[in-house]
Amino acid sequence: MNNKQGFVVNCALGALFLGVSLGVSAKGDPESGQQLSMKGDGSGAPCMACHGPNGEGNAAGAFPYIAGMNEQYLYRQLKAYQTSDRNNAVMSMNIDNFSDQQLQDIAAYYASLDKPTSTANNADSELIQQGERLVNVGDWDDYIPPCSSCHGPNNRGVDENFPGIAGQHASYIKQQINAWKSGNRKTDKVQLMEAVAKRLSDEQIEAVSAYLASIPAAE
């Protein structure tokens, strides 16, 4: 089995592991989630203060777009902030008073929205081209697989385990890859992202982030 085949098998096994270990939660109510996203949890800022009125995020603040993302993925990330499995002081303080059902409702609301168009800034064309190669082909000499090996065709996501990353803000992608690389983000139970991130140079991280931000998040 070559490196590419091995990594694809690992992705499949990782998805199976995650799906079996985490289970499936109840569905949320989008209408309730919309109201909660506008009001907040009673002690913090509403979701739209950082993620925008339509879940489009904010590149300057490295706040990701969350509109149109998988509902269970969003719920799991919200829960991770509550339990400190993901570390972000702003997120944790703004959702700490929500119940599990309220988190499900918020996730359902943002999942029901349309994804934004690409969020690209004026990145250097050579950097974009380098990123395109890494994202779509990878660099197997350094055991760096293409992002689509796990994140699916056009990197628009597969399920609750592998989110869409196409069209995401470059600032957020860079932030999170560096979090995986440094070990500060550990929500990947089988460490697929951590292993890949540790092999990426700073320049490659910039290139991947720039290219992913330049491509459409949805058809």
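One-based numbering along the sequence shown. Side chains are part of it too, since the values below use all heavy atoms of this structure and drop only hydrogens, waters and symmetry mates.
- The existence of a salt bridge linking K79 and D100 is confirmed by a sub-4.0 Å separation between a basic side-chain nitrogen and an acidic carboxylate oxygen.
- The same ILVMFWY cluster, assembled from side-chain heavy atoms under 4.5 Å apart, contains both L134 and I165.
- Taking D96 as the reference, D41, S43 meet the side chain to side chain contact (heavy atoms under 4.5 Å, CB included) condition, with sequence neighbours excluded.
- The structure places CG of D29 at 10.0 Å from CD of Q35, a figure rounded to the nearest 0.5 Å.
- A side-chain hydrogen bond (donor to acceptor under 3.5 Å, both in side chains) with N161 is found for one member of R76, Q72, K189 and no other, namely R76.
- Within the structure, salt bridge (charged side-chain N to carboxylate O under 4.0 Å, His left out) pairs that include any residue of residues 161-184 comprise K174-E206, K181-D202 (at least two apart or interchain).
- Atom CD of Q34 and atom CG of L113 lie 8.0 Å apart (nearest 0.5 Å).
- For the side chain to side chain contact (heavy atoms under 4.5 Å, CB included) test, residues two or more places apart in sequence or in another chain that qualify with N87 are S84.
- Of the possible donor and acceptor atoms, none in the side chain of S148 sits under 3.5 Å from a partner among the backbone N and O of H151.
- D159 places a side-chain N or O within 3.5 Å of a backbone atom of F162 that can act as its donor or acceptor partner.
- Taken together through direct or relayed side-chain contacts under 4.5 Å among Ile, Leu, Val, Met, Phe, Trp and Tyr, Y109 and F63 form parts of separate hydrophobic clusters.
- For residues 125-139, the set of pairs meeting the side-chain hydrogen bond (donor to acceptor under 3.5 Å, both in side chains) definition, not counting sequence neighbours, comprises N136-Y211.
- Across A59 and S171, no two heavy atoms sit closer than the pair O-OG, 2.7 Å.
- The nearest pair of heavy atoms linking A213 to A170 is CB-N, 3.7 Å.
- Transitive grouping of hydrophobic side chains (ILVMFWY, heavy atoms separated by less than 4.5 Å) brings I95 and I66 into a common cluster.
- A salt bridge (charged side-chain N to carboxylate O under 4.0 Å, His left out) check over residues 210-219, counting only residues at least two apart or in different chains, returns the pairs R156-E219.
- With hydrogens and angles disregarded, a donor-acceptor distance shorter than 3.5 Å links the side chain of Q168 to the backbone of Y65.
- In terms of modelled atom types and a separation under 3.5 Å, the side chain of S182 and the main chain of N178 share a donor-acceptor contact.
- Here OG of S99 is found 8.5 Å from CD of Q82. Values are rounded to the nearest 0.5 Å.
- Listed here is the closest heavy atom pair of L78 and L103: CD1-O, 3.8 Å.
- Applying the salt bridge (charged side-chain N to carboxylate O under 4.0 Å, His left out) test to residues at least two apart or on different chains, none of the pairs has a partner in residues 145-154.
- Grouped with M48 in one hydrophobic cluster are M38, the linkage being side-chain heavy-atom contacts under 4.5 Å among Ile, Leu, Val, Met, Phe, Trp and Tyr residues.
- Of all heavy-atom pairs spanning C47 and Y110, the tightest one is CB-OH, 3.2 Å.
- Residues L212 and Y172 fall into different hydrophobic clusters, defined by Ile, Leu, Val, Met, Phe, Trp and Tyr side chains chained together at heavy-atom separations under 4.5 Å.
- Nearest heavy-atom pair across L127 and A210 is CD2-CB, 4.1 Å.
- Within the 3.5 Å criterion, the main-chain N or O of G44 finds no donor-acceptor partner in the side chain of N94.
- In the hydrophobic clustering, where aliphatic and aromatic side chains (Ile, Leu, Val, Met, Phe, Trp, Tyr) are joined below 4.5 Å either directly or transitively, V90 stands alone.
- Listed by chain and number, the residues in a side-chain hydrogen bond (donor to acceptor under 3.5 Å, both in side chains) with E203 amount to none (sequence neighbours excluded).
- With sequence neighbours excluded, the residues forming a side chain to side chain contact (heavy atoms under 4.5 Å, CB included) with Q77 are Y73, R86, R185, T187, listed by chain and number.
- Residue A217 comes nearest to P116 through the heavy atom pair CB-O, 3.3 Å, listed as atom of the first residue, atom of the second, then distance.
- In the hydrophobic clustering, M193 connects to W180, either directly or through intervening members, whenever side-chain heavy atoms lie under 4.5 Å apart.
- For L36, the side chain to side chain contact (heavy atoms under 4.5 Å, CB included) criterion is met by S32, F98, Q102, D105, I106, not counting sequence neighbours.
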